[in-house]
Protein chains: 2
Amino acid sequence: MSTPLNRTRPAGPERALPDTQQGMRRRNLSRVMHTVGAEGPLSRAAVASRIGLTRAAVSTLVDELIRSGLLEELGPERPGRVGRPGSALAVSGNGPAGIGAEVGVDHLAVCAVDLRGRVRARAVRHVPNRDRSPEPVLGGLTALIHRVVAEAEGEGLWPAGLAVAVPGLVARDARTVVRAPNLGWLDTDVGDLLPPGLPLTVANEANFGALAELWLGEDTPRDFLHVSAEIGIGAAVVVDGRLLHGNRGFAGELGHVPVWPDGPACACGGRGCLEQYAGEEAVLRAAGMEPGEDRVGLLAGRAEQGDAQVRRALHGAGTALGIALTGAVNLLDPQSVVLGGALSGLAPWLLPSLRSELARRTAGPACPVTVSALGSEGPLLGAAHSVVREVLDDPAAVAGRV
Amino acid sequence: MSTPLNRTRPAGPERALPDTQQGMRRRNLSRVMHTVGAEGPLSRAAVASRIGLTRAAVSTLVDELIRSGLLEELGPERPGRVGRPGSALAVSGNGPAGIGAEVGVDHLAVCAVDLRGRVRARAVRHVPNRDRSPEPVLGGLTALIHRVVAEAEGEGLWPAGLAVAVPGLVARDARTVVRAPNLGWLDTDVGDLLPPGLPLTVANEANFGALAELWLGEDTPRDFLHVSAEIGIGAAVVVDGRLLHGNRGFAGELGHVPVWPDGPACACGGRGCLEQYAGEEAVLRAAGMEPGEDRVGLLAGRAEQGDAQVRRALHGAGTALGIALTGAVNLLDPQSVVLGGALSGLAPWLLPSLRSELARRTAGPACPVTVSALGSEGPLLGAAHSVVREVLDDPAAVAGRV
DNA sequence: CTATTTCGTCATGGCGGTTTACAAATTAGT
DNA sequence: ACTAATTTGTAAACCGCCATGACGAAATAG
């Protein structure tokens with residue numbers, strides 16, 4: 001019932017968990033929260049008709065949620081139809097908040113999101129984190145977290161959990177960073193260096209970006225492939241509204257899909273991986289540029305000005321992406337492919353070759369490729385919202401913690 | 001709660017279905033069936049301790065299942081321990097049966113499997129179906145189905161549903177064959193040409209093969225990639241014990257993953273697809289052989305005898321498979337890759353190059369590649385078992401139909 | 001032969017949603 | 001204006017499902 005980010009959770013009818021009345025109640029509480037959260041202010045009667053329970057049952061559920069501070073009564077609705085007007089219910093704006101944090105290669109960011117999905121506090125700091133050891137980086141992040149939590153508490157919110165997006169692979173325990181090439185971290189238990197007391201979830205930034213797209217995007221389908229790039233190229237697979245983690249939690253390593261199998265050697269041991277053609281380093285080299293700060297902005301700028309070499313480089317990257325995505329699309333048959341992260345800024349010059357390659361190699365109608373509207377905000381928002389979703393998914397669990 | 005083969009089923013907490021006591025009861029009935037089915041004869045007390053309900057609750061559940069003919073009381077257990085011996089319960093061997101059917105390129109097959117998973121009736125007919133229109137093929141299949149159903153009924157079973165494996169793409173409605181290249185079928189509603197009255201599910205043979213592997217394989221994990229080949233190369237992705245369908249139901253088209261993007265043109269519109277290197281036609285050509293009957297057996301025979309050209313051909317196919325699977329493994333991070341269908345017979349000559357290619361291109365430990373023990377029986381068994389699973393997943397639904 | 005352990009069942013109770021009834025608050029109709 | 005109709009929210013009685021606790025039945029241990 002939760003939004004499992006990295007938890008081992010048996011699914012399907014094989015799970016040995018018994019079905020008891022308490023579980024039923026918990027699921028129904030969750031349903032009420034989700035419907036009220038998703039469809040704005042709603043009367044008890046409206047909620048009842050949507051989730052299929054009786055008004056009486058919903059009444060008791062709502063009472064419990066109001067007592068827990070998760071739902072608020074806004075007062076009588078403006079009557080437009082016949083009959084007694086209902087009393088509008090809304091998800092609480094002064095209850096639990098999800099704290100999202102992001103460790104970027106040259107910045108740290110933290111924000112607090114309330115149950116209504118609004119960002120209520122945020123803090124960003126530009127810091128060059130490349131090849132810096134975990135202690136100072138996470139120390140800096142902890143300071144930001146404390147600041148944001150204090151700000152949120154000043155508004156009457158209390159932190160329900162912390163979710164951290166990192167640019168690297170995270171183990172299934174959702175705490176250990178197995179490998180973060182750009183930070184130079186290896187097998188780091190992030191939990192030890194962050195504020196204790198808050199339930200912690202760590203995940204790859206691409207995964208949180210995909211979840212943000214799923215939850216906040218305009219017409220995002222429930223089955224899509226989210227591609228993002230910071231330095232490496234990551235992807236997240238969303239199936240039926242859920243993230244696909246893979247056995248070790250490493251699913252989505254699009255960057256090491258072979259594109260031209262006899263191409264240049266890659267650090268992963270392979271040859272001709274996508275990263276060798278569309279990774280930041282490769283693109284910069286092809287564009288005749290040096291690595292450095294805000295390279296993406298620079299690339300976009302030069303492409304805009306019509307720099308032929310840059311455009312050629314991006315065209316080539318798009319082609320390689322198109323070939324790799326053809327494989328992924330054939331394998332997964334997603335409803336769409338979404339370009340997020342740094343890629344969204346370069347989309348105008350990547351998309352033509354990417355799309356044409358994908359279309360040429362596809363029999364029927366090609367899979368639509370869209371660009372994320374969230375841009376670089378995705379991972380941070382996705383992290384914070386993942387905590388919020390956890391509350392909506394099991395309000396009873398949070399109710400006890402006040 | 002069902003094993004959805006192709007059904008559109010909202011999952012996660014967003015599903016609007018209410019949680020009522022009847023649903024709770026149904027799920028608990030299912031849990032009892034699954035535990036008894038999976039762990040052999042079991043006493044009520046043993047079931048209770050396994051699923052976490054009380055003996056009293058299990059008693060009433062078992063009563064209901066016995067009355068419905070889904071469970072049988074085998075009599076008192078042989079006492080080995082202290083205390084009153086329990087009364088052994090087993091899944092009924094004379095209740096509902098799953099009817100599985102397979103449309104192959106040169107054969108038709110049907111079988112009936114009881115709730116215990118045993119094949120109780122079967123019929124096979126060798127028929128060249130290539131480029132034959134649906135009517136005669138499905139007419140022949142219908143005859144076989146009637147024969148098998150009659151035989152099963154003679155043993156006291158009654159058919160609970162029909163599942164048909166076809167060598168082609170099937171739409172999400174689980175009835176329409178969108179494209180079956182080897183049969184030459186296009187957009188064919190298979191349901192119109194099969195015995196009415198039985199709940200019907202149609203799916204790709206690779207998918208059913210993967211499910212057979214999941215349900216019947218020795219140590220099959222819950223996350224794996226199942227690769228099979230008849231003429232095309234298909235794959236099925238199993239995530240968390242469930243089949244991944246994709247948006248249109250076309251997931252798993254491994255055969256059209258680009259391997260050498262500038263390679264020979266493929267019917268799909270692409271270039272250098274896996275099928276151009278590891279598809280049956282390509283392998284036969286590389287081996288210097290003509291297409292025809294039982295080409296796989298012939299290939300295996302010659303390879304066994306040491307035919308250098310054949311071995312070279314299979315080595316090359318293994319290499320191409322390895323490259324395509326590297327991409328798939330990077331994207332999905334499965335627990336293992338299983339070779340099934342025709343590939344299992346050729347595995348000895350494919351595996352070396354396949355494994356080495358996969359290992360070379362993988363950073364850490366490579367994903368293990370195993371060979372299915374079910375061989376060509378997989379799709380048929382998977383189809384029949386899928387019906388059985390549906391009964392176990394919701395026994396209450398079937399109880400009413402007797 | 002008795003004490004102990006385990007199994008299956010029955011009676012009782014708690015919990016959760018439904019049903020039914022009703023007061024409250026609005027609109028529609030005369 | 002006043003009544004009828006409609007809709008909302010709640011309270012009381014009811015039913016279904018599982019838990020609890022007690023009991024007889026059937027085995028082993030001493």
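Letters A, B, ... mirror the listed sequences (proteins, then strands); counts begin at 1.
- Side chain of Met24(A), nearest nucleotide from dT18(C), dG9(D), dG16(C): dG16(C).
- Looking at heavy atoms from C-beta onward, Ile51(A) lies in side-chain contact with Val47(A) at the 4.5 angstrom threshold.
- Atom pair Asp63(B):CG and dG8(C):C1' shows a separation of 10 Å (rounding to whole Å applied).
- Among residue pairs with one or both ends in residues 52-68 of chain B, those qualifying as salt bridge (charged side-chain N to carboxylate O under 4.0 Å, His left out) are Arg25(B)-Glu64(B); sequence neighbours excluded.
- For the pair Ala56(A) and Val82(A), both in contact range of DNA chain D, the more 5′-proximal nearest nucleotide belongs to Val82(A).
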Watson-Crick and G-U pairing of DNA chain D written in dot-bracket, each distance under 3.5 angstrom, with | for inter-strand partners: ||||||||||||||||||||||||||||||
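- At a threshold of 4.0 Å, the pair Asp19(B)-Arg27(B) counts as salt-bridged, since one of the basic side-chain nitrogens sits closer than that to a carboxylate oxygen.
- Heavy-atom nearest nucleotides on DNA chain C were determined for Arg84(A) and for Gln22(A), and the one closer to the 5' end corresponds to Gln22(A).
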Worked check of side-chain contact (heavy atoms from CB on, under 4.5 Å) between His34(A) and Arg389(A): CA-CA 9 Å; His34(A) 270 284; Arg389(A) 299 289 292 202; 3.9 Å; yes
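- Between Asn28(A) and dG16(C) there is no side-chain polar atom (N or O) within less than 4.0 angstrom of OP1 or OP2.
- Between Arg81(B) and dT5(C), a side-chain N or O to OP1/OP2 separation shorter than 4.0 Å is absent.
- Ion pairing of Glu73(B) with Arg44(B) is present here, as a side-chain N (NZ or NE/NH1/NH2) and a carboxylate O approach within less than 4.0 Å.
- Rounded to a whole Å, the CZ atom of Arg27(B) is 15 Å from the P atom of dG16(C).
- Here dA19(D) presents its C1' atom at 13 Å from CG of Leu61(B), a figure rounded to the nearest Å.
- Following rounding to the nearest Å, Arg50(A) (CZ) and dT8(D) (C1') show an atom-to-atom distance of 15 Å.
- Residues Leu70(A) and Pro395(A) share a closest heavy-atom pair of CD1-CB, 3.5 Å.
- A salt bridge links Arg116(B) with Glu72(B): the closest approach of a Lys/Arg side-chain nitrogen to an acidic carboxylate oxygen falls below 4.0 angstrom.
- Looking at Leu42(A) and Arg50(A), their side chains come closer than 4.5 Å, going by heavy atoms from C-beta outward.
- To the nearest angstrom, P of dG17(C) lies 18 Å from CZ of Arg25(B).
- When rounded to the nearest whole Å, the span between CG of Leu53(B) and C1' of dG8(C) equals 16 Å.
- A residue-by-residue look at Gln21(B) and Ala88(B) shows that Ala88(B) has its nearest nucleotide of DNA chain C further toward the 5' end.
- Straight-line distance from the CZ atom of Arg26(A) to the P atom of dC15(C): 17 Å, rounded to whole Å.
- Between the side chain of Ser30(A) and the main chain of Asp393(A), a donor-acceptor pair closer than 3.5 Å is present.
- Distance CD1 (Ile66(B)) to C1' (dT9(C)): 14 Å, rounded to an integer number of Å.
- The stretch residues 41-49 of chain A does not touch DNA chain C, since none of its heavy atoms comes less than 4.0 Å from the strand.
- Here the side chains of Glu155(A) and Asn94(A) are not in contact, with every heavy-atom distance at 4.5 Å or above.
- In terms of phosphate contacts, Ser59(A) brings no side-chain nitrogen or oxygen within less than 4.0 Å of OP1 or OP2 of dG9(D).
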